[in-house]
> 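Below is one structure. I have some questions about it.
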Amino acid sequence: MDRKIKIGVLGGYRGSSMINYCERADNVEIVAICDKSAEVLNCQREKLKDENITYFDNFEDFIKHDMDAVVLANYYVLFNDNLICIDFCIAVYAE
């Protein structure tokens with residue numbers, strides 16, 4: 001594959017391990033992080049210092065971002081609402 005797989009993570013706190021993995025991996029990159037908590041988003045922004053990552057506080061804008069796959073790292077009860085990812089033809093992975 002000539003390019004990295006673009007990953008979005010829904011859940012900036014629970015998704016920390018996936019974010020950390022992707023930051024070290026050669027074949028994937030985090031392009032978007034979504035969390036309803038501004039504090040969580042700010043912590044990730046300060047920790048990662050990656051200008052190529054877009055941060056979202058709402059799912060509707062997040063899901064429209066250019067990405068190949070989404071990791072659902074939020075509370076299980078919210079998974080059904082977030083399965084709209086499939087409508088966007090995005091691969092979905094649940095933690």
> Given side-chain contact (heavy atoms from CB on, under 4.5 Å), test Asp57 with Lys36 step by step and report yes or no.
CA-CA 5 Å; Asp57 62 4; Lys36 64 182 179 180; 5.9 Å; no
> Search all heavy atoms of Gly8 against all heavy atoms of Met67 and return the closest pair with its distance.
CA-SD, 3.5 Å
> How many angstroms lie between CZ in Phe56 and CG in Leu41, if you round to the nearest 0.5 Å?
10.5 Å
> Can you establish whether the number of heavy atoms outside Tyr55 located under 6.0 Å from its atom OH is more than 12?
yes
> Taking Asp61's backbone N and O only, do any of them form a donor-acceptor pair with Lys64's side chain (distance below 3.5 Å, no angle check)?
no
> May I ask you to decide whether Asp68 forms a salt bridge with Arg3, counting only side-chain N to carboxylate O separations under 4.0 Å?
yes
> Is Glu23 close to Ile53 at the side-chain level, that is, under 4.5 Å between some pair of heavy atoms?
yes
> Can you confirm whether Ile63 sits close enough to Val70 that some side-chain heavy atom of one is under 4.5 Å from a side-chain heavy atom of the other?
yes
> Do Lys47 and Asn42 meet the criterion of a side-chain donor-acceptor pair at a distance under 3.5 Å?
no
> Quick one, Lys6 with Asn52, criterion side-chain hydrogen bond (donor to acceptor under 3.5 Å, both in side chains). Give me CA distance, side-chain angles, the key distance, then yes/no.
CA-CA 11 Å; Lys6 297 180 281 186; Asn52 295 315; over 6 Å; no
> Taking atom CZ of Arg24 and atom SG of Cys22, what is their separation to the nearest 0.5 Å?
9.5 Å
> Do Ile33 and Leu48 touch side chain to side chain, with heavy atoms closer than 4.5 Å?
yes
> The test is side-chain contact (heavy atoms from CB on, under 4.5 Å); show your working for Ile30 and Gln44 and say whether it passes.
CA-CA 12 Å; Ile30 297 292; Gln44 288 291 1; over 6 Å; no
> Please say which of Asp50, Val9, Ile7 ends up in a side-chain contact (heavy atoms from CB on, under 4.5 Å) with Ile19.
Val9
> So, for Thr54 and His65, which heavy atoms are closest and what is the spacing to 0.1 Å?
OG1-CE1, 3.3 Å
> Taking the side chain as every heavy atom from C-beta outward, state whether Ile5 and Glu29 have any atom pair closer than 4.5 Å.
no
> Would Val28 and Lys4 count as a side-chain contact (heavy atoms from CB on, under 4.5 Å) if you check the C-alpha gap in whole Å, the side-chain angles of each, and the deciding distance to 0.1 Å?
CA-CA 5 Å; Val28 297; Lys4 292 183 176 188; 5.6 Å; no
